[in-house]
Asks: 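Below is one structure. I have some questions about it.
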Amino acid sequence: QVQLVESGGGSVQAGGSLRLSCAASRSIFSINGADWYRQAPGKQRESVAEITSLGRTSYADSVKGRFTISRGNAGNTVYLQMNSLKPEDTAVYYCNGNYLGRNYWGQGTQVTVSS
């Protein structure tokens, strides 16, 4: 069993920055990587960023160049640095990790960007 807890969300104006954190109860991110997803009202959950166990990163086109995913050295924390935020980034952001073949999700953290 793994618990994931996101934090760092909030309300910012367009152009601002936020840093999201996701803490896991086990050091799973260095083994199986991690993902950040988001879900806006009335829309499907979408992948935002991924970091593999080897530290390779990939991003959705909509956030490329503005968001950066990273991982803490202990492998139990993953971050999402979000810069140049836009109103369309408004969503609940979730981190996702895998442990022993099972996917785990956090409860989500709300990000609201006003124009």
Side-chain angles (χ1 to χ4, degrees):
Q1 191 81 4
V2 177
Q3 286 78 45
L4 302 180
V5 179
E6 300 100 335
S7 61
S11 297
V12 296
Q13 289 192 326
S17 298
L18 284 173
R19 188 190 194 211
L20 306 183
S21 299
C22 175
S25 56
R26 291 177 180 266
S27 297
I28 63 172
F29 299 137
S30 57
I31 301 172
N32 292 315
D35 300 83
W36 282 98
Y37 284 74
R38 67 185 181 188
Q39 187 166 18
K43 295 189 176 182
Q44 288 190 330
R45 192 171 296 190
E46 63 174 354
S47 176
V48 173
E50 175 189 12
I51 185 166
T52 71
S53 58
L54 297 178
R56 295 187 180 126
T57 59
S58 59
Y59 300 91
D61 287 344
S62 59
V63 307
K64 206 171 290 183
R66 301 187 297 120
F67 290 11
T68 303
I69 187 171
S70 62
R71 186 177 61 210
N73 289 335
N76 61 349
T77 309
V78 66
Y79 306 98
L80 186 68
Q81 177 66 43
M82 305 186 295
N83 299 328
S84 302
L85 283 161
K86 304 175 180 180
E88 51 263 43
D89 295 319
T90 295
V92 178
Y93 284 71
Y94 300 90
C95 71
N96 173 268
N98 185 279
Y99 180 66
L100 297 181
R102 179 179 171 182
N103 256 339
Y104 291 88
W105 295 89
Q107 82 289 351
T109 185
Q110 176 70 46
V111 171
T112 303
V113 185
S114 58
S115 57

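Heavy-atom basis, side chains included; hydrogens, waters and symmetry copies ignored. Just so you know, these numbers come straight off a predicted model, no measurement behind them.
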Asks: Other residues, nucleotides and ligands only: do more than 12 of their heavy atoms fall within 6.0 Å of NZ on Lys43?
Replies: no

Asks: Applying side chain to side chain contact (heavy atoms under 4.5 Å, CB included) to Tyr37 and Tyr93, what does each step give before you reach the verdict?
Replies: CA-CA 6 Å; Tyr37 284 74; Tyr93 284 71; over 6 Å; no

Asks: Spell out, yes or no, whether Ile28 and Leu100 are grouped together once hydrophobic residues are joined by side-chain heavy atoms under 4.5 Å, including indirect joins.
Replies: yes

Asks: Restricting to non-hydrogen atoms, name the atom on Ser114 and the atom on Pro87 that form the minimum distance, rounded to 0.1 Å.
Replies: C-CG, 4.5 Å

Asks: Quick one: closest heavy-atom pair of Asn103 and Asn98, and the distance?
Replies: OD1-ND2, 3.7 Å

Asks: What pairs meet the disulfide (SG to SG under 2.5 Å) rule with one or both residues in residues 18-111, with sequence neighbours excluded?
Replies: Cys22-Cys95

Asks: Give a yes or no answer on whether the side chain of Thr90 reaches the backbone of Val113 with a donor-acceptor pair at less than 3.5 Å.
Replies: yes

Asks: If I take atom CZ from residue Arg26 and atom CG from residue Leu4, how far apart are they, to the nearest 0.5 angstrom?
Replies: 12.0 Å

Asks: Less than 4.5 Å apart, side chain to side chain, heavy atoms only: is that true for Trp36 and Val78?
Replies: yes

Asks: Shared ILVMFWY cluster between Val111 and Tyr59, side chains joined below 4.5 angstrom?
Replies: yes

Asks: Does Ile51 belong to the same Ile/Leu/Val/Met/Phe/Trp/Tyr cluster as Phe29, with side-chain heavy atoms less than 4.5 Å apart forming each link?
Replies: yes

Asks: State whether the side chain of Thr77 and the backbone N or O of Ala23 hold a donor-acceptor pair below 3.5 Å, judged by distance alone.
Replies: no

Asks: Working to the nearest 0.5 Å, report the span between CD of Gln39 and CD of Gln110.
Replies: 11.0 Å

Asks: Hey, does Ile69 have a side-chain heavy atom less than 4.5 Å from the side chain of Glu50?
Replies: no

Asks: Kindly say whether Gly75 contributes a backbone atom to a donor-acceptor pair with the side chain of Ser30 at under 3.5 angstrom?
Replies: no

Asks: Cluster question for you: counting only ILVMFWY and a side-chain heavy-atom cut-off of under 4.5 Å, with indirect links fine, are Val63 and Val92 together?
Replies: no

Asks: Carefully, step by step, assess Asn32 and Ser53 under the rule side-chain hydrogen bond (donor to acceptor under 3.5 Å, both in side chains).
Replies: CA-CA 5 Å; Asn32 292 315; Ser53 58; over 6 Å; no

Asks: For residues Gly8 and Leu18, report the shortest heavy-atom separation together with the two atoms involved.
Replies: O-CD2, 3.8 Å

Asks: Could you give the distance from CZ (Arg66) to OG (Ser84), rounded to the nearest 0.5 Å?
Replies: 7.0 Å

Asks: Do Arg45 and Tyr94 form a cation-pi contact, if we require the NZ or CZ to be under 6.0 Å from the six-membered ring centre and within 45 degrees of the ring's axis?
Replies: yes

Asks: If you round to the nearest 0.5 Å, how far is CZ of Arg19 from OG1 of Thr68?
Replies: 10.5 Å

Asks: How long is the gap from CZ on Phe67 to CG on Leu80, to the nearest 0.5 Å?
Replies: 6.0 Å

Asks: Would you give the length of the straight line joining atom CH2 of Trp105 to atom CG of Asn96, rounded to the nearest 0.5 angstrom?
Replies: 4.0 Å

Asks: Does the side chain of Glu6 reach to within under 4.5 Å of the side chain of Leu20, using non-hydrogen atoms?
Replies: no

Asks: What are the two closest heavy atoms between Ala91 and Ala40, and how far apart are they?
Replies: CB-N, 3.8 Å

Asks: Using atom types as modelled and distance alone, determine if a side-chain donor or acceptor of Arg102 lies under 3.5 Å from a backbone N or O of Gln1.
Replies: no

Asks: Stepwise, does the salt bridge (charged side-chain N to carboxylate O under 4.0 Å, His left out) test hold for Asp89 with Lys86?
Replies: CA-CA 5 Å; Asp89 295 319; Lys86 304 175 180 180; over 6 Å; no

Asks: Are the side chains of Ser70 and Gln81 in contact, using a 4.5 Å heavy-atom criterion?
Replies: no

